[in-house]
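Right, one structure below, let's go through it.
Being a predicted model, the structure only gives us computed values, none of them experimental. Sequence lines set the chain letters: A, B, ... in the order given, protein chains first and strands last, and positions in each chain run from 1.
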2 protein chains.
Amino acid sequence: MDKTILNHYFHSLFPIEKGTVEKITLAFHYFELPKNACLLEANTISTETYFLEKGYMRSFILNEENEEVTTQIYVAPCFVNDFLSFFKQHPTKETFQTLTNCKYWKTGLTNVQSNFHTIPEFREFSRLLLVINYDKLNDRVIEMASQKAETRYLNLLKQKPDIFQNVSLKIIASYLGITDSTLSRIRKETSKM
Amino acid sequence: MDKTILNHYFHSLFPIEKGTVEKITLAFHYFELPKNACLLEANTISTETYFLEKGYMRSFILNEENEEVTTQIYVAPCFVNDFLSFFKQHPTKETFQTLTNCKYWKTGLTNVQSNFHTIPEFREFSRLLLVINYDKLNDRVIEMASQKAETRYLNLLKQKPDIFQNVSLKIIASYLGITDSTLSRIRKETSKM
DNA sequence: AGAAACACTTGATAAATGACAAGAAATTAC
DNA sequence: GTAATTTCTTGTCATTTATCAAGTGTTTCT
């Protein structure tokens with residue numbers, strides 16, 4: 001199997017020698033999931049870390065009214081993780097679900113731990129992955145707290161335009177923290193501009 | 001200087017042998033700041049990591065209208081960091097400011113890096129610190145996207161009751177993503193219940 | 001002590017968004 | 001290919017929250 005995209009992702013985030021990257025990705029295994037499949041279910045413990053090579057997916061939780069609240073939309077290529085569940089071996093709060101057919105690479109916690117403690121570059125990479133994800137989430141909190149729905153929509157449209165061709169508006173709306181009716185109206189308004 | 005609280009914080013997050021913790025905190029230095037002082041200014045590069053031993057502080061950004069948006073409220077004891085700025089040596093987006101007199105321990109990036117690469121338990125601790133902070137932020141995004149202001153206020157009141165005695169309502173309001181007038185009305189309403 | 005700045009509340013009104021329901025359009029299933 | 005299901009839009013109306021402005025009380029500064 002061709003690990004070009006996976007290997008390149010490591011390179012792009014932190015400069016690692018080619019041989020070292022290959023050593024790191026040696027224990028990554030390929031698999032695929034069809035559309036609307038479940039990668040990781042709520043209330044289970046995440047035992048693997050996933051690299052999404054191709055496709056779109058999301059994570060969501062159920063609120064008190066049993067409505068699905070989309071917490072994240074993932075666009076390949078990227079790592080997909082419930083960090084707390086994986087590293088602390090806690091049950092997940094969220095469910096991870098494919099939105100299109102998806103291609104993945106996965107590896108287990110044992111392998112991650114072994115690499116983390118023996119390969120300095122992998123340590124740096126791991127930390128950077130967390131730091132970058134933290135920063136993105138922080139930006140999203142700021143946006144949620146200080147921008148109105150229309151601005152958040154326009155930002156998303158600019159940052160991840162392709163999700164609008166691959167993810168239902170209902171899911172995008174719940175990711176933006178609004179109802180699908182409101183998103184529909186916002187789209188109508190902004191398309192005039 | 002007494003590093004009891006600092007050392008204990010390491011223990012509480014991840015089980016580390018006493019001697020190892022003392023080795024880790026050896027290069028942490030004590031300092032204090034008065035109320036309304038600036039710990040870390042926007043557009044500078046964070047060169048140190050901070051442990052807040054006592055006091056209250058916040059981070060904030062300026063939005064387009066030059067209004068301060070509080071991004072985080074910190075209650076001792078906890079680590080206070082701009083992760084991206086510190087680990088990637090990028091300029092900060094946020095300003096970190098004391099809200100009361102504060103007591104800190106700090107150490108530089110060189111020391112963190114040295115510990116990270118030589119002390120396995122410190123690596124685990126560092127990752128856990130990031131993971132836990134990521135998870136908290138994630139919970140906040142979910143709350144912002146799915147709960148109304150009154151619910152968010154009541155949750156905050158339950159989780160960090162003491163900030164209401166130590167932080168101005170204006171700052172708490174902007175942390176909740178609402179105006180101070182709205183917070184004032186919510187408090188009036190909920191106090192009747 | 002007095003002035004200035006700040007924090008908090010409250011009123012009136014407007015804007016943003018949600019709730020619910022119905023219908024059209026697209027997709028999926030058999 | 002048709003029925004069933006889901007997605008998206010739109011209308012009406014209710015709720016939530018913002019805006020602006022005024023007034024009171026509190027802190028800070030000199």
Side-chain angles (χ1 to χ4, degrees), chain A residues 33-37 56 58 60 63-70 73 97-101 141-157 163-193, chain B residues 34-38 56 58 60 63-70 73 97-101 141-157 163-193:
Chain A
L33 283 180
K35 185 173 174 173
N36 288 324
Y56 294 84
R58 68 156 176 161
F60 68 90
N63 67 8
E64 312 75 47
E65 286 88 34
N66 255 45
E67 296 153 345
E68 296 179 354
V69 179
T70 297
I73 295 173
Q97 178 190 56
T98 61
L99 300 173
T100 62
N101 295 344
V141 173
I142 295 170
E143 208 181 38
M144 287 292 224
S146 64
Q147 310 285 144
K148 61 180 193 168
E150 184 178 308
T151 313
R152 301 203 301 274
Y153 163 70
L154 290 171
N155 287 347
L156 186 61
L157 190 59
I163 67 173
F164 291 90
Q165 276 74 57
N166 293 281
V167 179
S168 79
L169 293 178
K170 195 180 163 177
I171 286 174
I172 294 176
S174 110
Y175 173 74
L176 289 169
I178 56 180
T179 59
D180 45 352
S181 325
T182 298
L183 178 56
S184 182
R185 289 188 176 102
I186 287 175
R187 280 165 65 79
K188 192 181 176 187
E189 275 310 305
T190 56
S191 67
K192 289 185 202 159
M193 309 193 308
Chain B
K35 184 175 174 173
N36 288 325
C38 177
Y56 295 84
R58 67 155 177 162
F60 68 90
N63 67 8
E64 313 74 46
E65 287 88 34
N66 255 44
E67 296 154 345
E68 296 178 354
V69 179
T70 297
I73 295 173
Q97 179 190 55
T98 61
L99 299 173
T100 61
N101 296 344
V141 173
I142 294 170
E143 207 181 40
M144 287 292 223
S146 64
Q147 310 285 147
K148 61 179 193 168
E150 184 178 308
T151 312
R152 301 203 300 274
Y153 162 71
L154 290 171
N155 287 348
L156 186 63
L157 190 59
I163 66 173
F164 291 89
Q165 274 74 58
N166 292 282
V167 179
S168 79
L169 294 177
K170 195 180 163 177
I171 285 175
I172 293 175
S174 109
Y175 173 75
L176 289 169
I178 56 179
T179 59
D180 46 352
S181 322
T182 298
L183 178 56
S184 181
R185 287 188 242 268
I186 287 174
R187 281 165 64 79
K188 193 180 176 186
E189 276 310 304
T190 56
S191 67
K192 287 185 203 158
M193 310 190 314

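- Nearest nucleotide to the Lys148(B) side chain, out of dC8(D), dT17(D), dT17(C): dT17(D).
- Ile186(B) has its CD1 atom 8 Å from the C1' atom of dT17(D), to the nearest Å.
- Nearest nucleotide to the Lys188(B) side chain, out of dT10(D), dT19(D), dG11(C): dG11(C).
- Across dA7(C), dA19(C), dT10(D), the shortest atom-to-atom separation from the side chain of Thr179(A) is found for dA19(C).
- Leu156(A) is listed as a side-chain neighbour of Phe164(A), based on a closest heavy-atom distance under 4.5 Å.
- In this entry the distance linking CD1 of Ile171(A) with C1' of dT7(D) reads 11 Å, nearest Å.
- The main-chain N or O of Asp180(B) is never found under 3.5 Å from a side-chain atom of Ser184(B) such that the two would form a donor-acceptor pair.
- In this structure, a donor-acceptor pair under 3.5 Å is absent between the side chains of Asn155(B) and Gln147(B).
- Contact between the side-chain N/O atoms of Ser184(B) and the OP1/OP2 oxygens of dT9(C) is found at a separation under 4.0 Å.
- Residue Ser174(A) comes nearest to Glu68(A) through the heavy atom pair OG-O, 3.8 Å, listed as atom of the first residue, atom of the second, then distance.
- Atom NZ in Lys170(B) sits roughly 14 Å away from atom C1' in dT9(C) (whole-Å rounding).
- Look at CG on Leu99(A): it is 16 Å from P on dT6(D), rounded to the nearest Å.
- To the nearest 0.5 Å, atom CZ of residue Arg58(A) and atom OG of residue Ser168(A) are 7.5 Å apart.
- The separation between Glu189(B) atom CD and dT16(D) atom C1' is 12 Å, rounded to whole Å.
- Taking CD1 from Ile186(B) and CG from Leu169(B), the interatomic distance works out to 11.5 Å, rounded to the nearest 0.5 Å.
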Using nucleotides 20-30 of chain D, report all nitrogen or oxygen pairs with the protein that are shorter than 3.5 Å.
none

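- Between Lys35(A) atom NZ and Gln97(A) atom CD the span is 10.5 Å, to the nearest 0.5 Å.
- Going from atom CD1 of Ile178(A) over to atom P of dT17(D) covers 15 Å, rounded to whole Å.
- Contact check for Leu183(B) versus Ile178(B): side-chain heavy atoms found under the 4.5 Å cut-off.
- The distance from atom CD1 of Ile163(B) to atom P of dA7(C) is 15 Å, rounded to the nearest whole Å.
- For the atom pair CZ of Arg187(A) and OG1 of Thr182(A), the computed distance is 13.5 Å after rounding to the nearest 0.5 Å.
- In the helix from dA1(C)-dT30(D) to dC30(C)-dG1(D), the terminal helix axes, each the rotation mapping four pairs' C1' atoms onto the next four within five end pairs, subtend 60°, rounded to 10°.
- In this entry the distance linking CG of Leu183(A) with C1' of dA19(C) reads 16 Å, nearest Å.
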